[in-house]
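First up is the structure itself, then whatever we jot down about it.
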Protein chains: 4
Amino acid sequence: MFIELDLQSEVPIYTQLVEQLLEGMANGQLKPGDPLPSVRSLAADLGINLHTVNKAYQVLKQDGFLQVHRKQGVVIQTGEMPGITTEFQEKLARQLKGMAAEAAVRGMQEIEFADMCSAVYRQIKEQGADR
Amino acid sequence: MFIELDLQSEVPIYTQLVEQLLEGMANGQLKPGDPLPSVRSLAADLGINLHTVNKAYQVLKQDGFLQVHRKQGVVIQTGEMPGITTEFQEKLARQLKGMAAEAAVRGMQEIEFADMCSAVYRQIKEQGADR
Amino acid sequence: MFIELDLQSEVPIYTQLVEQLLEGMANGQLKPGDPLPSVRSLAADLGINLHTVNKAYQVLKQDGFLQVHRKQGVVIQTGEMPGITTEFQEKLARQLKGMAAEAAVRGMQEIEFADMCSAVYRQIKEQGADR
Amino acid sequence: MFIELDLQSEVPIYTQLVEQLLEGMANGQLKPGDPLPSVRSLAADLGINLHTVNKAYQVLKQDGFLQVHRKQGVVIQTGEMPGITTEFQEKLARQLKGMAAEAAVRGMQEIEFADMCSAVYRQIKEQGADR
DNA sequence: GTGGTCTAGACCACG
DNA sequence: GTGGTCTAGACCACG
């Protein structure tokens with residue numbers, strides 16, 4: 001699985017990592033039980049700080065996407081994956097709001113906005129189809 | 001126009017302000033040429049520092065949503081509003097990506113995701129319909 | 001003589017006025033002894049504050065481009081026009097510096113920069129030729 | 001690299017900083033990828049507030065001359081430097097206009113004006129030649 | 001340690 | 001009165 005970080009981005013590196021791991025889970029490259037590299041090795045591979053990788057793992061573990069096995073190390077959640085909680089929907093709505101507002105002001109119609117959202121979703125799902 | 005800030009939020013105050021002003025423009029409560037309160041008075045109203053208001057205004061000015069008129073102070077852009085630039089589309093796609101990925105992993109289907117995006121968009125537009 | 005002000009510009013209105021009056025003198029639309037409108041009437045014409053017009057006139061008078069006659073009001077300098085003083089050259093060099101630096105960083109060659117300067121100069125002179 | 005500020009000047013300190021950093025880039029003292037001092041250390045060195053330094057950096061970042069790297073701090077743009085955009089040409093023409101007008105009124109000929117522009121440009125470039 | 005954000009307070013040019 | 005600039009000081013997320 002490719003992980004690409006933009007060190008110039010204003011998005012924190014650990015957030016970029018979280019998002020890309022979620023994308024991997026979304027498109028099937030990462031399946032329940034799949035092991036993730038150790039904090040140390042991933043940090044070395046990506047050329048970033050240990051703490052940064054650790055923080056990303058912690059965030060994902062906190063939300064229930066990862067679990068830490070004594071022996072196998074960090075693996076993708078084998079039990080029940082987190083579902084569409086109210087909390088998540090609220091977070092989603094909150095984040096979408098700002099984007100929808102700017103889109104609307106810029107003249108993007110509702111259907112265009114929805115299409116773009118669909119397209120982005122589909123793209124993520126399909127990234128893994130050919131691998 | 002109501003502006004509601006969450007001072008405890010991890011979202012910077014000036015960003016919240018930017019978003020709410022954009023919502024106002026999206027739903028018609030703020031129209032081209034409409035004057036905005038001075039940084040001082042808005043800051044006083046909201047109970048925040050004038051620099052924070054100023055930063056929000058600067059961001060919106062920078063992107064072309066506001067203009068600073070030497071006689072009328074800060075007003076909503078009277079000329080051409082910023083359109084759907086490539087730059088904007090890229091920013092939108094980038095931001096949607098992380099959200100779409102988490103939504104997918106949590107089991108939200110493409111259509112549900114798109115519907116949610118539509119709903120948020122519509123809600124913003126309709127907020128202003130009855131005023 | 002046309003005077004066009006940009007109230008959205010970050011350049012102070014009085015400065016814009018000063019510059020346009022200087023352009024008028026440069027291209028011959030305003031000749032030594034020519035009367036300028038009274039502060040009051042010019043302010044009314046341009047829809048700006050009395051103080052603003054007054055400040056522009058003061059600046060030009062201060063530098064010797066205008067003189068104030070008891071009877072005829074404000075007129076273009078009939079005596080010796082200010083020349084190329086060391087002070088002026090220093091001001092010019094100081095202002096050119098920032099522009100030349102940015103031009104150079106953006107890849108504009110010396111000759112292109114000089115050509116652009118020439119072109120602007122010529123354009124000012126020629127504006128008045130056909131009137 | 002020497003940075004000299006005139007705290008008495010009517011030119012804002014952050015503008016002076018911007019111009020001198022651009023000069024450094026123009027004459028080769030600052031090359032792509034070169035790190036800049038942190039806002040704190042430069043502010044301390046120059047005896048000014050860190051916000052003032054920050055503003056200068058923000059302006060240069062906004063225009064694409066600097067980038068903020070999450071690991072290496074602020075560095076000179078490593079990608080493509082901003083080119084001679086229409087926007088820049090317009091800004092340049094606008095600023096030159098006022099200076100050319102006054103120069104013309106003071107009796108400076110077109111060629112003298114262009115020579116002066118050339119000289120200033122050359123001087124900036126050559127400042128770095130011997131280092 | 002670094003940039004980003006926020007506050008409080010001040011002065012000034014402009015109009 | 002208004003925005004622009006500047007200072008001093010503080011906290012925080014990030015790495």
May I ask you to decide whether R106(D) forms a salt bridge with E102(D), counting only side-chain N to carboxylate O separations under 4.0 Å?
yes

Which is true for R40(D) with a 4.0 Å heavy-atom rule: it touches a base, it touches only sugar-phosphate, or it touches nothing?
base

Value in whole Å for how far the C1' atom of dG1(F) lies from NE2 of H69(B)
16 Å

Give the dot-bracket line for DNA chain E from 5' end to 3' end: parentheses for intra-strand Watson-Crick or G-U pairs under 3.5 Å, square brackets for crossings, | for inter-strand pairing, dots for unpaired.
||||||||||||||.

To the nearest angstrom, the CD-P distance between Q72(B) and dG3(F) comes to 13 Å

Interatomic distance where CD belongs to Q67(D) and P belongs to dT2(E) [whole Å]
18 Å

Closest to the side chain of I13(C), out of dG15(E), dG3(E), dC6(F), is dG15(E)

Side chains of L42(A) and Y57(A), heavy atoms from C-beta outward: is any pair under 4.5 Å?
yes

Given atom NZ of K71(D) and atom P of dG1(E), what is their separation to the nearest angstrom?
18 Å

Nucleotide of dG15(E), dT5(E), dT5(F) approaching P12(D) most closely (side-chain heavy atoms)
dT5(F)

Report the residue (Y14(D) or R70(D)) whose heavy-atom-nearest nucleotide on DNA chain F is the more 5′ of the two.
Y14(D)

Would you check if L46(A) and I13(A) make a side-chain contact, meaning some heavy-atom pair closer than 4.5 Å?
no

Compare all side-chain heavy atoms of M81(D) with those of M25(D) and state whether any distance is below 4.5 angstrom.
yes

Sub-4.5 Å side-chain heavy-atom contact between V11(A) and D6(A):
no

When you compare the side chain of L66(C) with that of I76(C), does any pair of heavy atoms fall below 4.5 Å?
yes

Can you tell me how far the CG atom of L36(B) sits from the NZ atom of K61(B), to the nearest 0.5 Å?
13.5 Å

In whole angstroms, the gap separating C1' of dC14(E) from CG of D6(C) amounts to 15 Å

Give a yes/no on whether any side-chain N or O of S38(D) is located under 4.0 angstrom from OP1 or OP2 of dT2(E).
yes

When the distance from CG of L17(D) to C1' of dC6(F) is rounded to whole Å, what number comes out?
13 Å

Within residues 44-64 of chain D, those residues having any heavy atom closer than 4.0 Å to DNA chain F are I48(D), N49(D), H51(D), T52(D), K55(D)

Against Q8(C), only a single residue in Q67(B), Q77(B), R70(B) fulfils side-chain contact (heavy atoms from CB on, under 4.5 Å); can you say which?
Q67(B)

Check: V39(D) and V74(D) side chains under 4.5 Å, non-hydrogen atoms:
no

In whole Å, what is the span from the CD atom of Q8(C) to the C1' atom of dG3(F)?
15 Å

Measure the distance from CG on L7(C) to P on dT2(F) and round it to the nearest whole Å.
18 Å

